[in-house]
Amino acid sequence: MTYDEYNQFCGALPATSHVVQWGGAHVWKVGGKVFAIGGWSKAGKPAFSFKVSDLHYGILQEEPGYRPAPYLASRGMKWIQQYDVPPGRDDELQYYLKESHRIVSLGLTKKKQKELGLA
């Protein structure tokens, strides 16, 4: 997935907003809370970080092409970075981006969820 495809996909999720920050990273938020970050790759390839469940964190950190997300995981947060996955696995990334959006949305207040049309 390219950064353009990533931005298009995240922009199609409900109640999202986009900002470029933290050294040029494409940061996507729902209700003002970050759910996905595109950037921070040292290899020159696209890299995507997203929030995951405890189960997925345990599984993905052992999978090739995935690692605990720089900066975030070292602070105890359950974030994973996809940084070197063979082409053709966009469906997998899309699943995790949707899940991250869902997890972050559920962390918003009920009032905020309703206000954003997420309830």
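These values consider heavy atoms only, across backbone and side chains, with no hydrogens, waters or symmetry-generated copies.
At distances below 3.5 Å, not a single donor-acceptor pair connects side-chain atoms of Tyr95 with backbone N or O atoms of Asp90. Of the possible polar contacts, none joining the Tyr3 side chain to the Ala25 backbone as a donor-acceptor pair under 3.5 Å is found. Under the 3.5 Å distance criterion, the side-chain polar atoms of Thr16 are left unmatched by any main-chain donor or acceptor of Val30. Here the side chain of Gln82 pairs no donor or acceptor atom with the backbone of Leu93 at under 3.5 angstrom.
Residues passing the side-chain contact (heavy atoms from CB on, under 4.5 Å) test with Arg102, sequence neighbours excluded: Glu99, Leu106. For Gln61, the side-chain contact (heavy atoms from CB on, under 4.5 Å) test picks out Tyr57, Pro68, Ile80, with sequence neighbours left out. Under the side-chain contact (heavy atoms from CB on, under 4.5 Å) criterion, Ser53 pairs with Leu55, His56, sequence neighbours left out.
Annotation: Glu5, atom CD; neighbour count of heavy atoms from other residues, nucleotides and ligands within 6.0 Å is above 12.
Atom CD of Gln94 sits about 4.0 Å away from atom CE of Met1, to the nearest 0.5 Å. Atoms CG and CZ, on Asp84 and Arg67 in that order, are 9.0 Å from each other to the nearest 0.5 Å. Distance check, rounded to the nearest 0.5 Å: OG of Ser105 to CD of Gln113 gives 7.0 Å. The distance from the NZ atom of Lys78 to the CG atom of Leu72 is 12.5 Å, given to the nearest 0.5 Å. Atoms OG and OH, on Ser49 and Tyr66 in that order, are 11.5 Å from each other to the nearest 0.5 Å. The line from CD of Gln81 to CD1 of Ile37 is 9.0 Å long, rounded to the nearest 0.5 Å.
Taking the side chain as every heavy atom from C-beta outward, Met77 and Lys51 never approach each other to under 4.5 Å. Counting heavy atoms from C-beta on, the side chains of Leu118 and Pro14 come closer than 4.5 Å.
Hydrophobic cluster membership is shared by Leu97 and Leu116, with clusters built from Ile, Leu, Val, Met, Phe, Trp and Tyr side chains linked at under 4.5 angstrom. Follow the hydrophobic side-chain contacts under 4.5 Å out from Tyr71 and you never reach Val20; the two are in separate clusters.
Of the candidates Val34, Val104, Leu60, Phe50 forms a side chain to side chain contact (heavy atoms under 4.5 Å, CB included) with just one, namely Leu60.
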Taking it one step at a time, do Tyr96 and Phe48 satisfy ring-ring contact (aromatic ring centres under 6.0 Å, His included)?
CA-CA 10 Å; Tyr96 288 116; Phe48 307 99; over 10 Å; no

Pair His101, Lys98 - check side chain to side chain contact (heavy atoms under 4.5 Å, CB included), show working.
CA-CA 5 Å; His101 179 274; Lys98 280 185 196 175; 5.6 Å; no

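Taking the six-membered ring where the residue is Trp, Phe35 and Trp28 present tilted rings, their angle falling between 30° and 60°.
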